[in-house]
Amino acid sequence: MCGIVGYVGEKKASPILINGLQKLEYRGYDSAGIATIENGKLSIVKNKGRVSNLNSMPETEKSMGTVGIAHTRWATHGIPSKENSHPHYDNSNTFAVVHNGIIENYNEIREFLKSKGYVFYSQTDTETIPNLIHYYYTLDNDNDSEEKFLKAVNSATKDFIGSYAIEVISYLFPDITIVARKDSPLVIGSGINENYIASDIPAILGYTNKFYLLDNNEYAIISKDTINFYDISLNNIKKEIEIIDWDSTAADKNGFDTYMLKEINEQPTAIRETIYSRIPMKNNKFEKCNFQDLGFTKEYLSKISSIYIIACGTAMHAGLCAKTMIEKLCRIPVTVDIASEFRYRDPIISEKTLCIFVSQSGETADTIAALKLAKSHKATTLAITNVIGSSVTREADYSIYTHAGPEIAVASTKAYTSQVALLACTAIYFAEILETSDTNTLDTLKNDLLHLSEKIEEILSRSNEIKEFADKVYEQTDMFFIGRGSDYNVALEGSLKLKEISYIHSEAYAAGELKHGPIALIEDGITVIGILTDKDLAPKTVSNIQEVITRGANTLIVTNQELSTDNYDSVIKIPDTNSLISPILSVVPLQLLSYYISMNKNLDVDKPRNLAKSVTVE
Ligand code: AGP
């Protein structure tokens, strides 16, 4: 998740680009850069840190170009550094590119280009793009022309597996920029004698409210007075202009009322970007999961006698899902521990223990302390985080990343689903090395993982059903969440979300545990939310739900099973998937439920009372 901006017009481009980037810092803020065309040459100004740093760089002051591209980065490949910042250019400094998304097959493209003599200076996937464009451009013997430029961009993008929104400029064509997109947003704002480009409308809403929305596999050549659109075969296409009427607050949140709702809606993209490169395919067949960044061997993993997953809050709930997956697929015992407990209870760990630390921010004090403790006992440590270069990654032996982009709302949503998805890939990777599960089982699970994003989109499209339930129950003071197996893990997360942002007291129980005490609290009108996604356990949970209905409970059921809807007050049907990863789907209605309840109560959804996004104190 990064932000991109572009300008083609008659004014000095750099202030417009920097102003646009500042509006996009919620998409990424570890480095920023701009490229303009100055006196027939590409000029690139970039650095690590916030966008405001660009203002104080003398090169920005000198830049007079009226065509430019710009980028604010949230690191996915390579640490935040000047070398890894965008724009990137090819070896001959002919093409400059900014990119939002992930080129999953960048390693192969890099190797191919190296074999043709290209040299790489960064760790990014993006640096392959200008070089591949240059490769195709020079392969074509035609004279320089905009058409030849477009063809080179088209040929390069056809080689990419993954997602991209790109802007390309070249000193050979000082009056235009070429843009393309697949699975990453890109809009073009239309002005008079000037046109704008951005990954998100807010970046350029101050200049125009007339937008063209580029679709997947579409291209555009943009000059100050023309915008020509093309499909993947480079046929000219027509697009309708859209008028966007957003106020400035909505614009900051990309049209959503709150960051939390924006982030809930970003989950399909976050999951896609986190796992697609981990699940490679060749000739329509799955290959082994791609974890070159870990490189564990069978010899090493066979020696691991137990795994600890250590985290706090929502990240710990993601760990609970991983326990079920790893134990089922790899047959290694897994203990999930709360970091603040683990660090003080003399845990039994040794060099035969693998300790996995899950943290969205990578800065949670208890998690970092637990990590240091594990290291002091010689355990192998693996960090799973959303922030490249964060403290846990600097301490851990190994780090792998979710690519959820910055999460700003205090209540974690997209980080959780991305963590569960990445942990599922990790469990498959371990099982493939250890040969503890058959290929068919693992391939089916991979297939289910790859379909999660579209299934979340389906759930999101029915958000109004959850809102209706929220409208009925928002004044309640206590609620219960129940489920068994993976559904219990989700119940815990649903209950935490509700507490955090709606200030309603709630409890999560394993459904079978109710009769051992908590059922005494069930009385007329109390809300019980049942999660039923595991067909083997569903009949048991149905009986437990019946027990609370008999005692007067008002029920909301989140399920992928065929249930008789007459028994329950509301049923939210979600798409079916493997029960190991069903939390990624079943949590979405629960996130939305908390969200709508909080909105109904006029609470500050993004900044709930007493809570901080990153808990850097004990
Ligand atoms: C989630 O909604 C919470 N705000 C909180 O539980 C959070 O997950 C926890 O503090 C851990 O944060 P981390 O993932 O950044 O380590």
Side-chain angles (χ1 to χ4, degrees), residues 74 258-264 266-267 270 274 309-322 336-343 355-372 374 381-396 399-423 481 489-504 506 508 583 587-588 590-595 597-598 603-618:
W74 179 257
T258 60
Y259 282 112
M260 183 177 174
L261 190 59
K262 179 171 90 68
E263 287 158 12
I264 289 174
E266 281 172 347
Q267 292 181 107
T274 297
I309 301 178
I310 301 136
C312 303
T314 289
M316 190 273 289
H317 293 157
L320 291 171
C321 300
V336 180
D337 224 326
I338 296 168
S340 56
E341 289 294 311
F342 178 88
R343 63 186 287 195
C355 291
I356 303 177
F357 297 85
V358 187
S359 173
Q360 185 284 129
S361 62
E363 301 296 345
T364 302
D366 284 321
T367 309
I368 297 168
L371 169 45
K372 287 181 178 161
T381 54
L382 163 62
I384 296 191
T385 177
N386 196 33
V387 184
I388 292 191
S390 56
S391 301
V392 293
T393 68
R394 292 201 294 271
E395 289 289 339
S399 299
I400 52 175
Y401 298 94
T402 50
H403 296 307
E407 194 180 60
I408 294 179
V410 166
S412 184
T413 52
K414 62 177 180 171
Y416 170 80
T417 44
S418 303
Q419 284 160 354
V420 178
L422 182 57
L423 283 159
F481 291 76
N489 298 335
V490 174
L492 288 162
E493 175 58 10
S495 172
L496 176 66
K497 283 291 86 87
L498 190 72
K499 290 184 193 93
E500 279 188 294
I501 59 166
S502 77
Y503 315 153
I504 292 177
S506 74
V587 79
V588 178
L590 306 183
Q591 296 167 341
L592 288 166
L593 177 69
S594 302
Y595 175 78
I597 290 180
S598 179
L603 299 175
D604 188 343
V605 172
D606 286 335
K607 293 197 193 80
R609 71 183 179 204
N610 307 339
L611 298 177
K613 181 67 188 162
S614 189
V615 187
T616 53
V617 291
E618 196 177 334

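We count ligands from 1, going down the list as the structure has it; atoms in each ligand are counted the same way.
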### Summary
Of all protein heavy atoms, the one nearest atom 12 (O) of ligand 1 is Thr364 OG1, 3.5 Å
### ligand 1 versus Lys497: contacting region, heavy-atom distance under 4.0 Å
side chain
### Task
Go through the side-chain N and O atoms of Glu407 and Ser412 and say whether any donor and acceptor fall under 3.5 Å apart.
yes
### Message
List ligand 1 atoms under 4.0 Å from Ala411, heavy atoms only on the residue side.
### Response
2 (O)
### Query
Which atoms of ligand 1 are found less than 4.0 Å from any heavy atom of Gly313?
6 (O)
### Query
Judged by non-hydrogen atoms, does Val410 sit under 4.0 Å from ligand 1?
yes
### Task
For atom 9 (C) of ligand 1, grab the closest protein heavy atom and report residue, atom and distance to one decimal in Å.
Cys312 O, 3.7 Å
### Query
What is the closest protein heavy atom to atom 3 (C) of ligand 1, and at what distance does it sit?
Glu500 OE2, 3.1 Å
### Message
Less than 3.5 Å apart, any donor N or O on the side chain of Gln267 or Thr417 sitting next to an acceptor on the other?
### Response
yes
### Message
Please list the nearest protein heavy atom to atom 10 (O) of ligand 1 with its residue and the distance rounded to 0.1 Å.
### Response
Val615 CG2, 4.0 Å
### Message
Can you name the atoms of ligand 1, numbered from 1 with element, that are less than 4.0 Å from a heavy atom of Ala315?
### Response
8 (O), 14 (O)
### Message
Within ligand 1, which atoms have a heavy atom of Ser412 less than 4.0 Å away?
### Response
1 (C), 2 (O)
### Task
Name the closest protein heavy atom to atom 15 (O) of ligand 1, giving the residue it belongs to and the distance to 0.1 Å.
Ser361 OG, 2.6 Å
#### Entry: Atom indices of ligand 1, in the order listed, that fall short of 4.0 Å to a heavy atom of Thr314
1 (C), 2 (O), 6 (O), 8 (O)
### Message
With respect to Gln360, determine whether any N or O atom, backbone or side chain, lies less than 3.5 Å from an N or O atom of ligand 1.
### Response
yes
